[in-house]
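Notes for the one structure printed next.
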Amino acid sequence: MTMFNTVIPRGWYFISYLKKLNRKKQIEFSYFGGRLTLITKTLKASLNYLVDNTIIRNHSLPTLLYKDMIFVYYSEHGNPSTKEEELSLINKLISIQHFDHRTTSTYCTKVPTSLFNLSENIVDSAHFPIVHSHLSSLEIEDFITEPYSFVLKIKLITSRILLFISPMSLDIKFTSMSIGTGFFAVYSRMIEWECITFLTPINHSTTQIVLYGNLHKMFFFPKFLNPLFNIFFVTTFGRTILQDINIWKKREITHQPVLSTADGPIMKFRNWYSKFI
Amino acid sequence: MTTIKSVDFNKIPKGWFVIGKSSLIKKGNVKTIHYFDQEFVIYRGKNREITILTPHCVHLGAHLGDGVIVNNCLRCPFHGWEYNSQGQVIKIPFTNTIPRRARKKTLPNKEINGFIFVYFTHDNEPPIPFPIVSFLNQPHWKYSHVRESIIDASIYSISENLGDKAHFPVVHDTFVSHAQLDSFITEENNNLKAKLSVSTKKGFCWRAQNIEITLKTLGGISAAISQFHLFSFPSTSVHALIFITPIDSTSLLMTKIVAVENKKNNFLNFLYNFITSRVIWQTIIEDSSIWEKRIVLDHPVLSSDDGPIIPLRKWMAQFYPLKK
């Protein structure tokens with residue numbers, strides 16, 4: 001259990017949009033505790049671990065291009081991705097209905113915490129009303145795990161301040177879907193908003209978060225206000241994640257946590273997550 | 001039975017330790033402290049009661065040092081679980097069911113005479129009797145000098161000084177010409193009492209003196225009180241109380257209190273306090289360079305001139321954990 005915070009789980013991770021990269025160059029990124037070198041022309045990726053500017057280990061990583069997005073498969077021992085894992089990624093990406101990055105609002109940040117802390121947060125419903133005071137409560141209605149993904153159905157009861165609606169609060173139902181440990185899509189039919197979250201480990205204690213939000217319709221509001229609402233939702237979502245950082249910094253992952261009936265499906269999530277480490 | 005060979009003198013012994021003055025923690029505050037080679041969270045409830053507990057929440061491991069005080073309980077910043085002064089979770093938001101395992105280890109503590117005492121042990125055995133330092137609340141004793149310092153030494157090195165008479169004329173040669181251990185006995189409550197005669201050099205005062213010092217440990221090896229008579233001036237009794245608290249295996253907090261018999265004259269009280277504190281502090285500085293680099297040998301080669309090092313070790317062994 002203590003490995004959760006120290007091991008980067010294997011799986012597909014988002015690296016960048018291809019159009020944002022110079023196609024004639026070899027580009028270096030800091031990911032997975034080493035230097036990830038990507039040749040954009042051939043989409044070949046290799047991961048080098050350097051000590052005093054000397055390469056001590058090097059292995060190539062499988063890559064995948066989907067709708068201009070570059071994904072890399074990371075495994076600690078350089079094992080290749082199985083066909084099943086690859087298909088799972090592609091099928092899930094296809095299943096996201098309104099997936100169109102050109103109309104999104106983006107939020108990108110690096111957070112000093114492990115991928116595990118970020119991932120577990122989504123099923124940890126009990127901390128929302130304590131840490132994130134702008135939310136009233138969050139209920140998990142369903143949590144279904146599959147070999148490479150999970151589906152989580154959430155009911156979020158917003159506080160009055162969040163949406164400026166008085167005197168009522170608002171219940172919004174979200175569905176969150178993961179692909180491996182590095183990708184979450186959160187969408188709500190009610191407000192027709194979708195947020196895609198890419199989590200890519202820079203090392204075992206730092207993670208890059210990229211959020212892409214799409215808003216299609218916001219109740220009765222005119223469509224030209226959508227970009228404004230979208231920016232508001234994405235930055236609120238991003239800031240919500242950042243509110244946890246102080247707790248994660250000093251947190252100790254306990255081997256056998258004492259859980260209460262008010263907790264979300266923590267152990268079910270941990271069992272699912274442990275398959276990737 | 002615990003023997004010298006079976007115990008690990010490099011570890012932290014059990015006992016009552018002073019972790020600071022009462023002003024260390026204010027009402028309604030939470031702090032993280034580092035003692036005994038580990039972190040603890042200390043908080044003072046609205047009822048002024050102090051609680052010291054291990055730092056991570058039993059639930060999902062958040063650090064309780066960032067928690068807040070609610071009704072004399074410490075509330076975890078992550079999920080709002082509330083711990084009472086016994087370390088038990090008494091409230092979990094959105095549920096009335098509290099898991100049986102929902103409790104944390106707390107350290108027994110007492111707050112006496114403006115100092116916070118904590119009982120530390122490696123196992124769960126009940127605390128040894130709390131040391132009662134009578135002079136601290138007696139009006140005929142005047143104590144004004146309290147000094148806290150961090151010293152790079154193990155608690156063992158300092159404690160062994162009690163019986164090591166041979167080092168006095170060598171390390172403390174600025175004012176000691178000869179030291180003799182007159183008696184060395186174990187008293188009630190397992191405290192150790194030693195009587196030491198120290199001959200000072202002529203240059204130390206205007207004439208050489210012979211000072212009789214009675215040293216006594218209090219509740220383990222973490223506290224020792226020494227009593228002696230000041231000479232040359234109008235005769236007065238002096239008490240010097242030293243508390244040592246391990247921060248980790250190589251450094252410790254030393255709290256030194258000097259009390260003199262109240263002369264009803266503030267100048268004289270100050271003078272005696274000042275001189276005695278300076279002398280004691282000088283001896284600590286002289287010893288500390290040795291303590292810093294010394295190692296504890298399992299089988300030291302001893303001479304006939306040495307003090308009761310082995311009986312002292314035998315007595316100290318009861319406070320140390322066994323070797324693994």
Side-chain angles (χ1 to χ4, degrees), chain A residues 1-6 112-114 116-133 135-141 155-157 205 240-270 273, chain B residues 29-43 52-71 73-84 86-107 124:
Chain A
M1 291 282 186
T2 48
M3 281 165 65
F4 283 140
N5 256 355
T6 52
T113 192
S114 67
F116 174 75
N117 278 332
L118 280 160
S119 308
E120 197 188 50
N121 227 33
I122 204 158
V123 295
D124 180 12
S125 54
H127 88 286
F128 277 88
I130 309 291
V131 181
H132 312 296
S133 51
L135 306 171
S136 294
S137 73
L138 189 140
E139 283 171 28
I140 291 180
E141 294 184 328
K155 189 167 86 177
L156 175 75
I157 303 157
S205 60
T240 303
I241 296 170
L242 299 183
Q243 284 171 342
D244 287 296
I245 287 175
N246 270 342
I247 289 171
W248 291 332
K249 267 184 195 167
K250 300 176 192 168
R251 185 184 173 197
E252 187 183 75
I253 308 290
T254 40
H255 185 64
Q256 286 179 313
V258 179
L259 297 173
S260 79
T261 49
D263 281 311
I266 300 286
M267 291 319 282
K268 194 174 175 186
F269 169 80
R270 287 190 179 190
Y273 189 93
Chain B
N29 276 14
V30 187
K31 257 188 182 181
T32 303
I33 51 169
H34 190 108
Y35 283 107
F36 320 119
D37 222 356
Q38 50 187 290
E39 262 190 354
F40 292 97
V41 168
I42 177 169
Y43 74 87
I52 299 161
L53 63 171
T54 46
H56 296 281
C57 181
V58 291
H59 180 215
L60 290 176
H63 200 287
L64 296 170
D66 296 327
V68 286
I69 306 300
V70 181
N71 301 328
C73 290
L74 178 61
R75 188 176 191 235
C76 174
F78 204 9
H79 298 89
W81 287 28
E82 287 178 22
Y83 292 88
N84 69 6
Q86 282 81 49
Q88 271 176 322
V89 174
I90 56 155
K91 192 180 169 192
I92 298 175
F94 313 113
T95 183
N96 292 323
T97 318
I98 294 169
R100 252 188 298 170
R101 286 198 300 134
R103 62 175 306 146
K104 289 198 65 62
K105 187 187 169 188
T106 54
L107 298 191
N124 292 323

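Computed from a predicted structure; not experimentally measured. Labels below follow one simple rule: chain letters A, B, ... track the order of the sequence lines, proteins then strands, and each chain is numbered from 1.
Side-chain contact between B/Phe78 and A/Ile130 is absent, with no heavy-atom pair separated by less than 4.5 Å.
Counting heavy-atom pairs closer than 4.5 Å to chain A, the top residue among B/Pro77, B/Gly65, B/Pro55, B/Cys76 is B/Pro77.
Across all their heavy atoms, B/Phe94 and A/Pro129 have their closest contact at CE1-CG, 3.5 Å.
Legend: residues meeting side chain to side chain contact (heavy atoms under 4.5 Å, CB included) with B/Asn29, ordered by chain and number and at least two apart, are B/Ile25, B/Lys26.
Heavy atoms of other residues, nucleotides or ligands lying less than 6.0 angstrom from CG of B/Asn71 number 12 at most.
The SG atom of B/Cys57 sits 10.0 Å away from atom CD1 of A/Ile247, with the distance rounded to the nearest 0.5 Å.
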Dump the table of donor-acceptor contacts under 3.5 Å between chain B and chain A, or return none if there are none.
from     : atom 1 : to       : atom 2 : distance (Å)
B/His56  : ND1    : A/Lys250 : O      : 3.4
B/Val58  : O      : A/Val258 : N      : 2.9
B/His59  : NE2    : A/Asp263 : OD1    : 2.7
B/His59  : NE2    : A/Asp263 : OD2    : 2.7
B/Leu60  : O      : A/Arg251 : NE     : 2.7
B/Leu60  : O      : A/Arg251 : NH2    : 3.2
B/Gly61  : O      : A/Glu252 : N      : 2.8
B/Asp66  : OD1    : A/Lys250 : NZ     : 2.9
B/Asp66  : OD2    : A/Lys250 : NZ     : 3.1
B/His79  : NE2    : A/Asp124 : OD1    : 2.7
B/His79  : NE2    : A/Asp124 : OD2    : 2.6
B/Thr95  : OG1    : A/Thr261 : OG1    : 2.6
B/Arg101 : NH2    : A/Pro257 : O      : 3.4

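Both the backbone and the side chain of B/Leu60 have a heavy atom closer than 4.5 Å to some heavy atom of chain A.
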